[in-house]
Number of protein chains: 2
Amino acid sequence: MSAQDHYDTLSLQDSTILAETFRLLGDPSRLRILFYCLNEPKSVGDIAEQLDLSQTLVSHHLRLLRGARLVIGERRSRQVFYALADDHVRDMLKDMVVHIKEEEF
Amino acid sequence: MSAQDHYDTLSLQDSTILAETFRLLGDPSRLRILFYCLNEPKSVGDIAEQLDLSQTLVSHHLRLLRGARLVIGERRSRQVFYALADDHVRDMLKDMVVHIKEEEF
DNA sequence: TTAATATATGAATACATATTCATAAGTTAA
DNA sequence: TTAACTTATGAATATGTATTCATATATTAA
């Protein structure tokens, strides 16, 4: 993106794409899943157990996150390990936490 | 936030707060409103006209955004001008666009 | 005051979605 | 093969929410 590009007009299409990502981040369970997988891949069962969510629910959420390319899954024998899709997603999440924590409530 | 703090565990409370913000950003109309007000305050009627949204709908969305302290409104005689609440919100939105645009789809 | 303009609010509706339950599908061990 | 383990999927439900309509509130002009 060049320096002269501006952000103040968001096309209908761009806003829809961007909103879709935000919408997926707008659920506490999904956010916790993403942050739990932030640094290293985690298995579905591990996620469910550590975050105290049902295995079924975790699977459903992971499917949505996969569809938006926020995570990728890799099968290792019986288990499937999920990780953030790339560093952009990782940095984005870290940035968001910084921004949120900087707000005084 | 100090350097030794980590991001990989998001408490239930933190995830709820963070998700609430993301959820609000996860709507195309609200996103467009926020970006339209990114650089200078805009009146409700101006927003509605330029984004082709009903005045009522814009008001409803602005109320939600106000509630989350993402925007602030200032009355100038008959009109009310809305602006982003602070630079954190502004930077956050700009960062997100950069991240999204960097993804190759 | 009344009229006109600008914004906000409450109710109603239609649609989306988070969660649970039951069960299927994939993988490994016996 | 069967059995155990792990993950995914489809249906059902209950809750949430974006949008519209009608109307109220606030401000200014006449």
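Naming convention: chains lettered A, B, ... in sequence-line order (proteins, then strands); numbering from 1 in each chain.
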Undergrad: Mind checking what makes side-chain contact (heavy atoms from CB on, under 4.5 Å) contact with A:I72, not counting sequence neighbours?
TA: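 Residues passing side-chain contact (heavy atoms from CB on, under 4.5 Å) with A:I72: A:A85.
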Undergrad: Roughly how many Å is it from CG in A:L25 to P in C:dA18, rounded to a whole number?
TA: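 Going from CG in A:L25 over to P in C:dA18 covers 12 Å.
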Undergrad: Could you tell me how far apart A:R63 (CZ) and C:dT20 (P) are, to the nearest whole angstrom?
TA: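 Rounding to the nearest Å, CZ of A:R63 and P of C:dT20 are 17 Å apart.
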Undergrad: Mind checking what makes side chain to side chain donor-acceptor pair (under 3.5 Å) contact with B:S29, not counting sequence neighbours?
TA: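 B:S29: no side chain to side chain donor-acceptor pair (under 3.5 Å) contacts found.
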Undergrad: Considering every strand and a 4.0 Å limit on heavy-atom distances, what is the contact class for B:L24: base, sugar-phosphate, or nothing?
TA: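 Contact class for B:L24: none.
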Undergrad: Could you list the protein-to-nucleotides 15-17 of chain C atom pairs, N/O on both sides, closer than 3.5 Å?
TA:
residue, atom, partner, partner atom, Å
C:dT17, OP1, A:R23, NE, 3.2
C:dT17, OP1, A:R23, NH1, 2.8

Undergrad: Under a 3.5 Å distance rule, please check whether B:D86 uses its side chain to pair with a backbone N or O of B:V89 as donor and acceptor.
TA: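 Yes; judged by distance alone, with no hydrogens or angles, the pair exists.
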Undergrad: Give every residue pair that meets the salt bridge (Lys or Arg N to Asp or Glu O under 4.0 Å) criterion with at least one member in residues 39-57 of chain B, sequence neighbours excluded.
TA: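 Of all non-adjacent pairs touching residues 39-57 of chain B, those that pass salt bridge (Lys or Arg N to Asp or Glu O under 4.0 Å) are B:E40-B:K42.
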Undergrad: Work out how much the helix from C:dT1-D:dA30 to C:dA30-D:dT1 bends between its end axes, five pairs an end, to the nearest 10 degrees.
TA: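 About 20°, once rounded to a multiple of 10°.
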Undergrad: Using side-chain heavy atoms (C-beta onward) and a distance below 4.5 Å, is A:F22 in contact with A:L24?
TA: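 Contact flag for A:F22/A:L24 side chains = no.
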Undergrad: Just wondering, do A:L38 and A:F35 contact through their side chains at under 4.5 Å, heavy atoms?
TA: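 Side chain of A:F35 against side chain of A:L38, heavy atoms only: contact under 4.5 Å found.
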Undergrad: Would you kindly give the CZ-to-C1' distance between A:F22 and D:dA18, to the nearest whole Å?
TA: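 Whole-Å distance recorded here is 18 Å.
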Undergrad: Using a strict threshold of under 4.0 Å (side-chain N to carboxylate O), is an ion pair present between A:R90 and A:D87?
TA: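 Here A:D87 pairs with A:R90 in a salt bridge, since their nearest N and O are under 4.0 Å apart.
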Undergrad: Measuring to OP1 and OP2 of C:dA8, would you say a side-chain N or O of B:Y82 lies under 4.0 angstrom away?
TA: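 For C:dA8, OP1 or OP2 has a side-chain N or O of B:Y82 closer than 4.0 Å.
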Undergrad: Going by heavy atoms in the side chains, are A:V71 and A:C37 under 4.5 Å from each other?
TA: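 A:V71 does not reach A:C37 side chain to side chain.
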Undergrad: Less than 4.5 Å apart, side chain to side chain, heavy atoms only: is that true for A:R32 and A:I47?
TA: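 A side-chain contact under 4.5 Å is absent here.
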Undergrad: Check side chain to side chain donor-acceptor pair (under 3.5 Å) between A:H60 and all other residues, then give those that pass, not counting sequence neighbours.
TA: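 Testing A:H60 for side chain to side chain donor-acceptor pair (under 3.5 Å), a comparison that skips the adjacent residues, returns none.
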Undergrad: Contact list please: residues 40-51 of chain A against DNA chain D, heavy atoms, distance less than 4.0 Å, in numerical order.
TA: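 Residues of residues 40-51 of chain A under 4.0 Å from DNA chain D: A:S43, A:V44, A:G45.
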Undergrad: Mind calculating the distance between CZ (A:F81) and C1' (D:dT7) to the nearest angstrom?
TA: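 Interatomic distance, CZ of A:F81 to C1' of D:dT7: 12 Å.
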Undergrad: Taking B:R30 for the side chain and B:L25 for the main chain, is one N or O donor matched with an acceptor at less than 3.5 Å?
TA: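 The answer is no, because no donor-acceptor pair under 3.5 Å joins these two groups.
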Undergrad: Check the distance between D:dT6's P and A:L62's CG and give it to me in whole angstrom.
TA: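 Atom CG in A:L62 sits about 16 Å away from atom P in D:dT6.
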Undergrad: Using the test side chain to side chain donor-acceptor pair (under 3.5 Å), find all partners of A:Q50 that sit at least two apart in sequence or belong to another chain.
TA: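 A:Q50 satisfies side chain to side chain donor-acceptor pair (under 3.5 Å) with no residue once adjacent residues are dropped.
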Undergrad: Side chains of B:E74 and B:Y82: closer than 4.5 Å at any heavy-atom pair?
TA: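 No, too far: nothing below the 4.5 Å cut-off.
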Undergrad: Applying side chain to side chain donor-acceptor pair (under 3.5 Å), name anything that partners B:E20, two or more places apart in sequence or on another chain.
TA: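 Counting only residues at least two positions away or on another chain, B:E20 forms a side chain to side chain donor-acceptor pair (under 3.5 Å) with B:R23.
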Undergrad: Among residues two or more places apart or on two chains, list those pairs meeting salt bridge (Lys or Arg N to Asp or Glu O under 4.0 Å) that have a residue in residues 56-65 of chain B.
TA: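 Every candidate salt bridge (Lys or Arg N to Asp or Glu O under 4.0 Å) pair involving residues 56-65 of chain B fails, so no pair, neighbours aside, qualifies.
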Undergrad: Under 4.0 Å from any atom of DNA chain D, heavy atoms only: list the residues of residues 53-61 of chain A that qualify, in numerical order.
TA: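 Within residues 53-61 of chain A, the residues near DNA chain D are A:Q55, A:T56, A:S59, A:H60.
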Undergrad: Answer whether the closest heavy-atom distance between the side chains of A:L70 and A:L64 falls below 4.5 Å.
TA: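 Result no, sub-4.5 Å side-chain heavy-atom pair not found.
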Undergrad: If the sugar-phosphate is the primed atoms plus P, OP1 and OP2 and the base is the rest, what is the B/S/- string for nucleotides 25-30 of chain C, using protein heavy atoms under 4.0 Å?
TA: -SBSS-
Undergrad: Provide, to the nearest angstrom, the distance between the CG atom belonging to A:L65 and the P atom belonging to C:dA18.
TA: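 Distance check: A:L65 CG to C:dA18 P gives 10 Å.
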